[in-house]
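A short worksheet on the structure shown next.
So that the names make sense, note that chain A is the first sequence line, chain B the second, and so on, each numbered from 1.
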Amino acid sequence: MNYWLMKSEPNTFSIMDLKNRPNQTEHWDGVRNYQARNMLRDQMKKGDLAFFYHSNAEPSGIAGIVKIIKEGYPDFKAWDPTDDHYDPKSTEEKPQWYMVDVKFEKQFKRLISLTELRENPALKNMTLLRKGNRLSIMSVSAEEWKAILEMI
DNA sequence: GCCAACGTTGGC
DNA sequence: GCCAACGTTGGC
């Protein structure tokens with residue numbers, strides 16, 4: 001069982017949007033970075049939990065938790081020329097990009113802001129807080145996961 | 001294989 | 001809107 005953090009811009013897709021989806025389930029598509037792709041494809045397992053992080057938000061921070069309900073499979077939106085995330089390098093025979101399916105698990109009573117996360121000494125080595133880290137999918141250690149839950 | 005130019009992310 | 005930090009592209 002692994003823990004993760006997944007970023008989304010709430011203007012595009014927020015935790016409330018996920019909560020309001022049929023079955024509270026959605027594809028986590030559109031990841032176009034190889035490091036993040038590898039985690040989606042190879043490491044995320046059914047039943048893993050992930051923080052839903054709101055990026056480019058006011059404020060940015062962790063809004064809640066989702067569960068991985070389907071492991072990595074080809075991101076078919078990369079094959080659709082009319083889609084914003086279309087990538088001609090990806091084909092059905094040789095998919096370049098992968099996605100997982102997630103299900104809404106819970107929304108925190110309040111958002112834990114990036115500022116608060118930075119102020120927690122238990123999180124000082126967290127990937128999210130490292131300078132220049134722009135990955136949209138990150139691994140979270142069990143210790144970090146626990147420390148964040150205690151901040152609610 | 002190097003690296004400059006360009007594009008993107010995302011905090012502020 | 002600015003810009004630092006990265007990732008990608010493509011000429012050589």
Side-chain angles (χ1 to χ4, degrees), chain A residues 2-21 26-44 48-68 71-102 104-141 143-152:
Chain A
N2 305 303
Y3 296 110
W4 306 94
L5 181 142
M6 303 170 87
K7 292 183 187 173
S8 180
E9 300 195 18
N11 286 340
T12 307
F13 184 69
S14 73
I15 195 161
M16 282 307 292
D17 294 327
L18 177 62
K19 192 176 179 182
N20 292 328
R21 282 288 193 274
E26 187 53 279
H27 314 300
W28 200 274
D29 59 84
V31 172
R32 297 292 178 267
N33 169 284
Y34 288 103
Q35 250 184 291
R37 187 280 310 269
N38 292 346
M39 289 188 265
L40 288 172
R41 186 188 60 190
D42 306 330
Q43 293 174 251
M44 273 193 178
D48 284 357
L49 296 175
F51 287 128
F52 194 125
Y53 181 86
H54 283 175
S55 62
N56 258 321
E58 292 180 14
S60 294
I62 296 173
I65 297 175
V66 302
K67 183 186 278 185
I68 311 305
E71 293 178 12
Y73 63 106
D75 183 341
F76 53 77
K77 296 199 176 182
W79 306 331
D80 177 0
T82 68
D83 195 278
D84 283 346
H85 296 292
Y86 174 62
D87 182 352
K89 292 193 301 298
S90 186
T91 63
E92 296 195 42
E93 294 73 32
K94 282 198 166 184
Q96 286 274 324
W97 304 115
Y98 283 73
M99 61 186 177
V100 297
D101 287 357
V102 300
F104 175 83
E105 186 77 9
K106 72 165 66 165
Q107 180 172 17
F108 293 157
K109 289 189 294 291
R110 61 184 200 87
L111 182 121
I112 304 174
S113 72
L114 181 60
T115 309
E116 283 179 83
L117 294 168
R118 287 196 195 285
E119 285 167 355
N120 186 338
L123 303 176
K124 66 178 191 300
N125 294 321
M126 193 177 176
T127 311
L128 176 72
L129 307 181
R130 271 184 223 146
K131 193 176 181 182
N133 201 308
R134 302 176 310 164
L135 275 182
S136 63
I137 310 280
M138 303 175 182
S139 177
V140 173
S141 75
E143 292 75 20
E144 290 160 353
W145 183 271
K146 184 161 173 282
I148 289 167
L149 291 183
E150 285 169 358
M151 295 173 73
I152 302 166

I'd like a list of close polar pairs between nucleotides 10-12 of chain B and the protein, N/O only, cut-off under 3.5 Å.
| residue | atom | partner | partner atom | Å |
| --- | --- | --- | --- | --- |
| B:dG10 | OP1 | A:Lys7 | NZ | 3.0 |
| B:dG10 | OP1 | A:Arg134 | O | 3.0 |
| B:dG11 | OP1 | A:Tyr53 | OH | 2.8 |
| B:dG11 | OP2 | A:Asn56 | N | 2.9 |
| B:dG11 | OP2 | A:Ser60 | OG | 2.8 |
| B:dG11 | N7 | A:Asn56 | OD1 | 3.4 |

note = Those residues at least two apart in sequence (or on a different chain) that pass ring pair (Phe, Tyr, Trp, His ring centres under 6.0 Å) with A:Trp28 are A:Phe52
key: Residue pairs involving residues 82-100 of chain A (criterion salt bridge (Lys or Arg N to Asp or Glu O under 4.0 Å); sequence neighbours excluded)   = A:Asp87-A:Lys89
query = Which pairs count as salt bridge (Lys or Arg N to Asp or Glu O under 4.0 Å) when at least one residue sits in residues 143-152 of chain A, sequence neighbours excluded?
reply = A:Lys146-A:Glu150
ask   = Can you tell me how far P of B:dT8 sits from CZ of A:Arg32, to the nearest Å?
value = 13 Å
query = Can you check the A:Arg37 CZ to C:dT8 C1' distance for me, whole Å?
reply = 14 Å
remark   = So, with a heavy-atom separation below 4.0 Å from DNA chain C, the residues of residues 74-102 of chain A are A:Lys89
request  = With sequence neighbours left out, write down each residue that passes ring pair (Phe, Tyr, Trp, His ring centres under 6.0 Å) with A:Tyr86, or none if nothing qualifies.
outcome  = none
Output a table of donor-acceptor pairs, distance under 3.5 Å, between side-chain atoms of residues 130-140 of chain A and any protein atom two or more places apart or on a different chain; print 'none' if there are none.
| residue | atom | partner | partner atom | Å |
| --- | --- | --- | --- | --- |
| A:Arg130 | NH2 | A:Asn125 | O | 2.9 |
| A:Asn133 | OD1 | A:Leu135 | N | 3.0 |

ask   = Taking the six-membered ring where the residue is Trp, are the ring centres of A:Tyr34 and A:Trp97 under 6.0 Å apart?
value = yes
task = Compute the bend angle of the helix from B:dG1-C:dC12 to B:dC12-C:dG1 from the end axes (five pairs per end), rounded to 10°.
result = 10°
A:Thr115: side chain to side chain donor-acceptor pair (under 3.5 Å) partners, not counting sequence neighbours = none
ask   = Starting at the 5' end of DNA chain C, which residue's closest nucleotide do you reach first, A:Tyr34 or A:Lys131?
value = A:Lys131
request  = Any salt bridge (Lys or Arg N to Asp or Glu O under 4.0 Å) involving residues 114-127 of chain A? Give me the pairs, sequence neighbours left out, ordered by first then second residue.
outcome  = A:Arg110-A:Glu116
key: Partner set under ring pair (Phe, Tyr, Trp, His ring centres under 6.0 Å) for A:Tyr53, not counting sequence neighbours   = none
task = Round to the nearest Å and state the distance from A:Gln35 atom CD to C:dA5 atom C1'.
result = 14 Å
remark   = Residue set satisfying ring pair (Phe, Tyr, Trp, His ring centres under 6.0 Å) with A:Phe13, at least two apart, ordered chain then number -> none
